[in-house]
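When a ligand or atom number is given, it counts from 1 through the structure's own listing order.
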Amino acid sequence: MIDSRSLLGIENLGRDEIASILNRASQFSLEKPQPILSGRRIVLLFYEPSTRTRVSFEMAAKALGATTYLVHATASSIEKGESLLDTGLTLHAMGAEAIVIRHPSSGAPAFLARHLDILIVNAGDGMHEHPSQALLDAFTIREAKGRIEGLKIAVIGDIFHSRVARSDVHLLSRFGAEIVMSGPPELVPDVAVTLAPGLKLTRDVDEAIAGADVVMLLRVQKERLGGLPIFVERYVAEYQMTPARLARAKPDALVMHPGPMVRGMELTDAVADSSRSLVLRQVRNGVPVRMAILARALAN
Ligand code: NCD
């Protein structure tokens, strides 16, 4: 039995659970530490590179008074061939109470949650889900726009290989956003519309952007393309977000990106640095949202 306080994905998380995490996050901030997890032991187990997610989980844990231990695949016995389960059993035997895990294989967090008596938080698994990112994106949209319901959100780029897109689409569609996806067929296959009810797909990026309240951009996941060639010039010509393209959105439209941004690819500097960009607010909101996720997992 998987402990329901673990956070494995958005797809199977109820609407009320999501709302309660978002509401709890609005009571937290880095500037006001609350030592409700004082003395608790949280391991950050990262099998893939990370800047934002790792540091903000660590800041969140510390703002709640917990002690964190970082295990990096390249600097641990994982390099020597230790299995995921043996690594988990080892951390459990040492007294870890929760593991925040990022892993290249979809399902790795659920596997650990099934086999270990320990709380698991998914910090991104393969092409599957990235629930804490979707929660912080929803939090940021609510903060900036006051609501999610009824907003037109254009999701543009590498949706197929993106765990962020999958989690975001599950969450935002469940809260009543109108989602229009756009990208070339190799990055947004036709089946993408079956991810959630009511999704729309257009190959014409200008149509996706027209009248949008939020334009969400995604990085092309080069490390997950498995040899598939990407035609950079074509992608840039057809899908890159420029000020001229953005002008088709609502006058108060905002731009989001989970990071890391590849400037000159999915967006231009002018868009990345414009006053419409929420990118740094997303990063900032990652801390209180992850405080809420860890408090939900570990606070009594
Ligand atoms: C993303 C990830 O790792 O899934 N980054 C993040 O956590 N903010 C997106 C990406 O790598 O493009």
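Shown are E11, E129, E48; of these, the salt bridge (charged side-chain N to carboxylate O under 4.0 Å, His left out) with R163 is made only by E48. Put simply, the residue from M241, Q240, R219 that forms a side-chain contact (heavy atoms from CB on, under 4.5 Å) with E266 is R219.
No cation-pi contact links R102 to F46, judged by a cut-off of 6.0 Å to the six-membered ring centre and 45° from its axis. For the pair R41 and Y69, the NZ or CZ position fails the cation-pi test of under 6.0 Å to the six-membered ring centre and within 45 degrees of the ring normal.
The closest approach between any non-hydrogen atom of E48 and ligand 1 is not below 4.0 Å. Under a 4.0 angstrom heavy-atom cut-off, S50 registers as lying outside contact with ligand 1.
If you look at Q133 next to ligand 1, the close heavy atoms, those under 4.0 Å, all belong to the side chain.
For ligand 1, the atoms sitting less than 4.0 Å from at least one non-hydrogen atom of R219 are 10 (C), 11 (O), 12 (O), numbered in the order shown with element in parentheses. For ligand 1 and H130, the ligand atoms under 4.0 Å from any heavy atom of the residue are 2 (C), 4 (O), 6 (C), 7 (O). Every atom of ligand 1 with a heavy atom of T53 under 4.0 Å away is listed here by number and element: 6 (C), 7 (O). For ligand 1 and V164, the ligand atoms under 4.0 Å from any heavy atom of the residue are 1 (C), 4 (O), 9 (C).
Scanning the protein heavy atoms around atom 4 (O) of ligand 1, the nearest turns out to be R163 NE, 2.7 Å. Protein heavy atom nearest atom 10 (C) of ligand 1, with residue, atom name and distance: Q221 NE2, 3.3 Å.
Residues R281 and D137 are not paired through a salt bridge, judged by the lack of any N-O separation under 4.0 Å between the basic side chain and the carboxylate. One finds a salt bridge joining D213 and K250 here, because a Lys/Arg side-chain nitrogen approaches an Asp/Glu carboxylate oxygen to under 4.0 Å.
Surrounding CG of D252 are more than 12 heavy atoms belonging to other residues, nucleotides or ligands, all under 6.0 Å away.
The option from A123, P258, G259 that lies nearest to atom 5 (N) of ligand 1, judged by heavy atoms, is G259.
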